[in-house]
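Reviewing the structure listed below.
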Amino acid sequence: MYHGTASDQSGEKMARSQTDAAVTAAGIFQEIEQAIIHGDYRPGDVLPSIRELATRRHVSPATVAAAFRRLAERGLTYVERGVGTKVRAETLLSDSLGRAPLPVMNGIVDVASGAPDPALLPDPNLSLHRLSVAKALYNVEPLLPGIREQAPNVMADVFNSRPEHFTIAGGALESIADAVAARLRPGDRVIVEDPGFAAATSLLRSHALILVPVSIDDEGFEVDPFAEAIKHGAKAVLYSPRAQNPRGSTLTAQRASDLRTVLNEASKRGKSPFIIENDHASLICDAPYLSLTESSDSWLSTRSLSKSHGPDLRFAFVAGDELTIERIQRHQALNRGWISTILQHLVVDLLSNPDVERLTKQATAEYNRRRARLVETLATHGVKSYGHSGLNVLVPVDDEAATSNTLMGYGWQARSGQAYRHARGPFIRLTPAALTNDQIDALALNISDAFRTKTGSYR
């Protein structure tokens, strides 16, 4: 039976949603976006070529190329050399809009989630049973006194003798969104890590910001490409000083000094960028804190409690310069009013509890040990990996899909690196945070076996 060529089938998908508006770049973009939303284009599908689509729409190739650029900027597509423009496996539409995560099949161990170990998170019920919270209406103070007392403790090294301007947010991503609203405009260029935090880069794309990927190594941004990006007019920088996701990079003193020199030179030229620091794992990371925020007059640093006290808390402390914090507070008042005082009471109780503090310290040591064990065990099998801090380990591979599928056959669900990388090579991300020693050793052996089947790569 004849099913038509890939080009024929792709044309049918486009035709389902074709309208007169699709003769403009914006219309073509919206048409393909809708096709992706409704599943007419699936992850890995190849779009029609620019020339083919231009002929079909009776428009110039430049019009279609403009639509394709916007699709790429929004994180919906990417170009594979020799193949064409393909739909991303994980996009702004599929990966960052609060949809349910992919289910883990029975018998499969999840090392893809990036989540902490539930056994090392405090039980919120113990705090909730102790709490006595007064009824509140609309006339509440945005920050409880207990939160005002805790913030200087949580953010002490961030303030570092600077004025203590701070607020709170519903997690790291919300605080980054607040920062964008406070300081940036559509079309501004933002330096991001390559590879970097997928949800954050999707968030930036959703605000019509232009991403400027800068390669990282174990010590953070590589200096020369960072300097080049600053020279070409980046308006902002988004980075993690430690426990970088997905590579686990940690700023060293020398690297921080070199990057600050670049930023200080930009400041002398009146081109100082807005620095957004996502120190998401600060409370369960034993790596020293080194920051770039001191090299800019406009900055924001966010510290979430997700990894240390539980992702469902949706809570972060946020510090910054006076104007940035003032703008965020105004934006919060107009947008969502305040962070629930019930939640604030719970956070104060958790941060004031000595038993919780001891558990957090235990978690810090365990995550460091488990991550290091995986890196070291992989090395004994001749497999190169990266993971200096945090919860994750990055393993370079030749083919992400093939390696992930092979590991699934061994009983492991790994995370493809596609959503995290821009110009860097393929990899998988592994989270050993909740694994036993035996599981870590078995995972390392299975990865080595996967590489011997030539689905991976010793790099």
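FYI, side chains are in, hydrogens and waters are out, and symmetry mates aren't considered; it's all heavy atoms of this structure. In this chain, numbering begins with 1 at the start of the sequence shown.
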Tell me whether Arg303 forms a cation-pi arrangement with Phe317, defined as NZ or CZ under 6.0 Å from the six-membered ring centre and within 45 degrees of its axis. no
Do the side chains of [Y] and [X] get nearer than 4.5 Å, heavy atoms only?
X      : Y      : result
Leu378 : Phe451 : no
Val262 : Phe226 : yes
Leu430 : Ile447 : yes
Pro152 : Glu164 : yes
Val214 : Val192 : no
Pro273 : Lys235 : no
Thr324 : Trp299 : no

Side chains of [X] and [Y] only: does a donor on one sit below 3.5 Å from an acceptor on the other?
X      : Y      : value
Thr431 : Asn392 : yes
Asn353 : Arg358 : no
Thr77  : Thr85  : no
Ser308 : Thr360 : no
Asp258 : Gln254 : yes
Tyr289 : Glu277 : yes
Arg162 : Thr293 : yes

Closest approach of [X] to [Y] (non-hydrogen atoms, all atoms of both residues):
X      : Y      : value
Cys285 : Ala243 : SG-CB, 4.2 Å
Ala287 : Arg242 : O-NH1, 2.8 Å
Val395 : Ser385 : CG2-CB, 4.0 Å
Ala172 : Asn278 : CB-OD1, 3.7 Å
Val190 : Leu184 : CG2-CD1, 4.0 Å
Ala179 : Ile276 : CB-CD1, 4.2 Å

Does any N or O in the side chain of [X] come within less than 3.5 Å of the main-chain N or O of [Y], such that one atom is a donor and the other an acceptor?
X      : Y      : result
Tyr239 : Gln244 : no
Arg189 : Ala234 : no
Gln30  : Gly27  : no
Arg185 : Leu209 : no
Arg70  : Ala26  : no
Ser296 : Leu292 : no
Asn160 : Asp157 : no
Ser389 : Thr250 : no
Ser206 : Leu203 : yes
Thr201 : Ala198 : yes

Are [X] and [Y] close enough for a salt bridge, meaning some N to O gap below 4.0 Å?
X      : Y      : value
Arg429 : Glu400 : no
Asp218 : Arg247 : yes
Arg373 : Glu376 : no
Asp45  : Lys86  : no
Asp321 : Arg183 : yes

Between Ile440 and Arg370, is a side-chain contact (heavy atoms from CB on, under 4.5 Å) present by the stated rule, with each step listed? CA-CA 8 Å; Ile440 291 171; Arg370 294 171 189 178; 3.9 Å; yes
Count the heavy atoms belonging to other residues, nucleotides or ligands that lie under 6.0 Å from CG of Leu323, then report whether that count exceeds 12. yes
Atom CG of Asn125: over 12 foreign heavy atoms under 6.0 Å: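 Buried by this count: over 12 neighbours within 6.0 Å.
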Within this structure, what is the [atom1]-[atom2] distance for the pair [X] and [Y], rounded to the nearest 0.5 Å?
X      : Y      : atom1 : atom2 : answer
Ile168 : Gln329 : CD1   : CD    : 10.0 Å
Asp194 : Phe221 : CG    : CZ    : 10.0 Å
Gln344 : Ile147 : CD    : CD1   : 5.0 Å
Met155 : Ser301 : CE    : OG    : 4.5 Å
Arg205 : Leu71  : CZ    : CG    : 11.5 Å
Asp399 : Ile428 : CG    : CD1   : 11.0 Å

Between Thr302 and Ser175, does the side-chain hydrogen bond (donor to acceptor under 3.5 Å, both in side chains) criterion hold? Intermediate values first, please. CA-CA 7 Å; Thr302 178; Ser175 62; 2.8 Å; yes
Pairs where residues 328-350 contributes a residue and the test salt bridge (charged side-chain N to carboxylate O under 4.0 Å, His left out) is met, not counting sequence neighbours: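 Those involving residues 328-350 are Arg130-Asp349, Glu174-Arg336, Asp178-Arg336, Glu326-Arg330.
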Over 60° means perpendicular and under 30° means parallel, so tell me whether Tyr420 and Phe427 are parallel, tilted or perpendicular. tilted
